[in-house]
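Below: the structure, in structure tokens.
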Amino acid sequence: MQAYQKQLSLIRKLAQDVETCRLREKDAEEAVDRSEQQLEAVKQKRMQLQKTAEYVRENLDRDLEIWQTQTQVLVLEEKSKQQLIGFFEAFLYEEIEETSREIEFWCNDKKQLQEKPIIQEIEGHRFAINHENSQQAIWRKQIEELQNQPEIEPAYSKDEQIRRNALREQGILFKSFYEAVDFRPDVDEQTRANIEAAISKSGLLTALLVREEDEGRVFAMLPIVRNQQIKTLNLTKYLVAVPNEALSQPRIESLLQGISISKSDESFIMHTGEFQNGFIHGSAPIQEERLIGKDAREAIRAKRILSLQAEIQSSQNRVEEAEDRVSFLQNQIRRLKADVLNFPSLEPMKKVEKQRRELDTEEKVANDQVERQEANLQALKQKNQPIINEFLLKSAPYHRIERTSVAYQNVLDELNEYSKQLGSFFHLISDRKILTDKVYDTSNRIDDLENELDDLREQRVDVYRDHKTKKAKLDTILNLISTHVDEQNILVRIDEVVLKKKENEEAREKGIQRRADLRSAISGLKNHIETQGPTILELEELKQEWESLFQEEKSFGFTDPQWTTLMAVHNLESTHKELKRSDVHGALERAIYDAERELMDQEMKQTRHKLKIRKMRKGRDWELLQQWTDRQFVTFVPSYIESKPIQLLEELKATRDETALAIQEKERELYEKVLIDDIGSTIRGLIEKAKEWENEANYFLSNIDTTVRMRLKWKPHPAKEQGELSTDKLVELLSKKTQWLNNHDLERIAKHFKTKVEQARALAKEDTRFSLTAKMKELLDYRKWYRFVLYYQKDREADFEEFNVKAFETMSGGEKGISMYSPLFAAAAAKYAHAAPDSPRLFSLDEAFAGIDHENIENIFGLISQFDFDYLMNSQILWGTYETVQELSIVEILRRVNQKTLALGRYYWDGEDKYDLPNGNFLEEYYVEKRAREIAAVTTESTRV
């Protein structure tokens, strides 16, 4: 029994060990299941992450396509696009981080690659803008100089400009040839152009015209035009003199008369542009700029100013285009930066990469846990198997199962039921697992939705930030417009731009329509030209026939040889368009009748001629041509040689010029005899008397002993016109006898008086109210050839200085009185010095010595007494009762207020006292009576003694 008990205890113990082993295995299996569940959860997460990665990749691809279509500046070539696609295809889990960095580097490289040429172009445009602005400043300065320049000048060399300035500093008056002349109004434009071209090429255009006395000082520095022998045919036919302060009209005309317009002379200038001057001979080309004539120079000024203004406008257009281009390029840079900033974000892929790495770690940990738990389970089973086998072995004899088939069958049934229960439990576990998977999927979907919500929130933040940025820019622009001083103009300009755009669109549509209309018109004109071809050929033949007749008419020498057909038509239409044939014939007949008597010696006769038409056709125009072929000529046959009117005119002009030379020689003799010997000697004597009067006045002034001493000085006027002499030079020459004057001096004196006579003639012609005699007297009045100048000296400490208003203001009241009256009294005394000894030395003063104080008036009266003047003065307050006055007769006018009658009060001042004169007594009676009393008193006193 003890052995049995011991055996049972052993079996019970083994059973307990088996149960413990079974519980341990169960715990190990549950640990394996938990590890497998964790591993499965990690796999589910990986599958979900894979879906998320695919979703993110699809979004990134879509954003990339949208970005490529919306880029404004960052233009991708096909190679760059393929490179970018390659970067995105490399987005495998293990390459996301590296690929993201490569894409960022790629974007920066593309940005810099496209930004660099834009920046370089901006810098180039800014440099061009600065250059254009500086050039505009130079042009504006040139315009200002042109506007302020008194006269337009040609471009002189630096050395020539320096020499011209040196002449101005020396006070030498000069003018360039083109400034001193102008074309006659009847000279046509072609002749003007030819003559000025010849003058320019011959060197005359910028040569200097100076006064004759300055020629020796000027020709060593710059070319000058000198007097030449007067030519019969000279430039005065085309040019007139333009006198000024430097050159007179006779001087200019004398120079023009020395320039020939005839090929028979050694040097000449022709109206055709041909010239010969020294070694130079040829035909001058037309000049682009013409300087002769004020209008021509003003036209050059206007042309240059317009050219500079056009340059400025063109430059300003280039500046505006460059500024617009710079603004556009700056906007391109901003757009380029915006393109780079708008590149699809790689953050979602980086987030997926981060989650992948976390799952890799979790999966590795879960796999290790499963393997470790399975190894533990296997080790535990191997450890528990001997214990279970020993329990089965020891307990087998003691099982309570009967050893019958029924017993075993019951055990089998129980085992089957247990198996069924285990199957039901397995199904329940499976359902639970399915529900767990669904819950997990739902949880993942919720996570995905939450991720999408986070993405939408981030997009919302980006959209809000972009909206806020754009709103801020809009507010800034509106604030700039509202705070700008010229806000209304900006808004108006915006409206104008919109309106201008609309007008341009309308103009473009009209232009297209106009072009279509013109094309249609051109097509119609081409058809019309084709149909009118024969008519045009006929008109061309008619035109050639007209030109042939014109050339035949030119051969007669009645028209200007320089005229072309078009010039003839233009001149005739501009001057004689309204004339009829009868008017022309009538005018010719009247001219012949009027000139027949005067030209009787020239044997005038009329000739008729019919122009020959080479090939006559039918038609009204040809009939009209036939009607205009008759010509009536006037010719002259002096000395049995037939001459045309133009030839006769030239011969008569040559005769007139020769006669003028002879007349000039006679005039010279007349000037020598009359003006130099007769009038000149008289003027010389009068001027010498003026100088004597100056010396006498200064003698009286030197005897006035005051703090202020005055002096007079005779100053001659300089020459005012070209050809005149200064007064001192004229007096010097007039002081010599005619036989002692050389030809040069005689010519200068004659030219001086001739200039005066020409001036008198010109003035009398301008103002018909005055006669030539009156103007001659006015211009030959020697008193206008000089003036007297006052000089003063204070306290005899300094030299005499010129007396002027400034010096007068610095003097005291007494000094002012002396400076005013002492020259006046000295001049009168010098004049009275040539009178008879017993003649009165009388003068009168109105409002005498007004504004001078009492003490200085007394000194002035002393000065009058010193000169022994007789005088008559009136004043409101002056009595004249001063010690410096020896005697004085005084009359006071008395009148009561509102009374029409006057009364006179008479007084006498004897140098000491003032006495009333009785009514009815004269000063002389009173003076005689007073002298009688004085003599009687002296006699009585001597008797007493």
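As the structure is a computational prediction, the values presented were derived from the model and not from experiment.
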[X]: which of [options] passes side-chain contact (heavy atoms from CB on, under 4.5 Å):
X: F177; options: L291, I259, L208; answer: I259
X: F174; options: D214, L247, V210; answer: V210
X: S315; options: E320, Q136, H131; answer: Q136

- request: Begin with the C-alpha distance, continue with both residues' side-chain angles, and end with the deciding distance and a verdict on side chain to side chain contact (heavy atoms under 4.5 Å, CB included) for I199 and L239.
  value: CA-CA 12 Å; I199 290 174; L239 300 177; 4.2 Å; yes

Going from [atom1] on [X] to [atom2] on [Y], what distance comes out if it is rounded to the nearest 0.5 angstrom?
X: Y238; Y: I195; atom1: OH; atom2: CD1; result: 5.5 Å
X: E213; Y: I172; atom1: CD; atom2: CD1; result: 10.5 Å
X: L205; Y: S200; atom1: CG; atom2: OG; result: 5.0 Å
X: T232; Y: Q257; atom1: OG1; atom2: CD; result: 10.5 Å
X: R226; Y: E212; atom1: CZ; atom2: CD; result: 9.0 Å
X: Q147; Y: I305; atom1: CD; atom2: CD1; result: 4.5 Å

- prompt: Taking all non-hydrogen atoms of both residues, which atom of D182 and which atom of G293 are closest, and how far apart?
  reply: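 Heavy-atom minimum between the residues: OD1-CA, 3.2 Å.
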
field: For R184, salt bridge (charged side-chain N to carboxylate O under 4.0 Å, His left out) partners two or more places apart
entry: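 None.
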
- prompt: Listed by chain and number, what are the salt bridge (charged side-chain N to carboxylate O under 4.0 Å, His left out) partners of E132, not counting sequence neighbours?
  reply: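 Once residues adjacent in sequence are excluded, the partners of E132 under the salt bridge (charged side-chain N to carboxylate O under 4.0 Å, His left out) criterion are R318.
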
Salt bridge between [X] and [Y], side-chain N to carboxylate O under 4.0 Å?
X: E311; Y: R140; value: no
X: R304; Y: E289; value: yes
X: R163; Y: D159; value: yes

Who passes side chain to side chain donor-acceptor pair (under 3.5 Å) against [X], sequence neighbours left out?
X: E288; answer: none
X: K303; answer: none
X: K263; answer: E274
X: Q190; answer: N194

Non-hydrogen side-chain atoms of [X] and [Y] separated by less than 4.5 Å:
X: E151; Y: S176; result: no
X: F275; Y: H281; result: no
X: I269; Y: L204; result: yes

- request: Start with the C-alpha gap between K294 and E179, add the side-chain angles, then the distance that decides, and say whether salt bridge (Lys or Arg N to Asp or Glu O under 4.0 Å) holds.
  value: CA-CA 8 Å; K294 184 73 173 179; E179 296 178 289; over 6 Å; no

Looking only at the side chains, is there a donor atom on one of [X] and [Y] sitting less than 3.5 Å from an acceptor on the other?
X: S260; Y: D265; result: yes
X: T206; Y: R164; result: no
X: N317; Y: Q313; result: yes

message: Would F268 and S262 count as a side chain to side chain contact (heavy atoms under 4.5 Å, CB included) here? Give the steps.
response: CA-CA 6 Å; F268 59 85; S262 173; 5.8 Å; no

message: Evaluate L222 against E160 for side chain to side chain contact (heavy atoms under 4.5 Å, CB included), listing each step before the verdict.
response: CA-CA 8 Å; L222 287 170; E160 184 173 358; 3.8 Å; yes

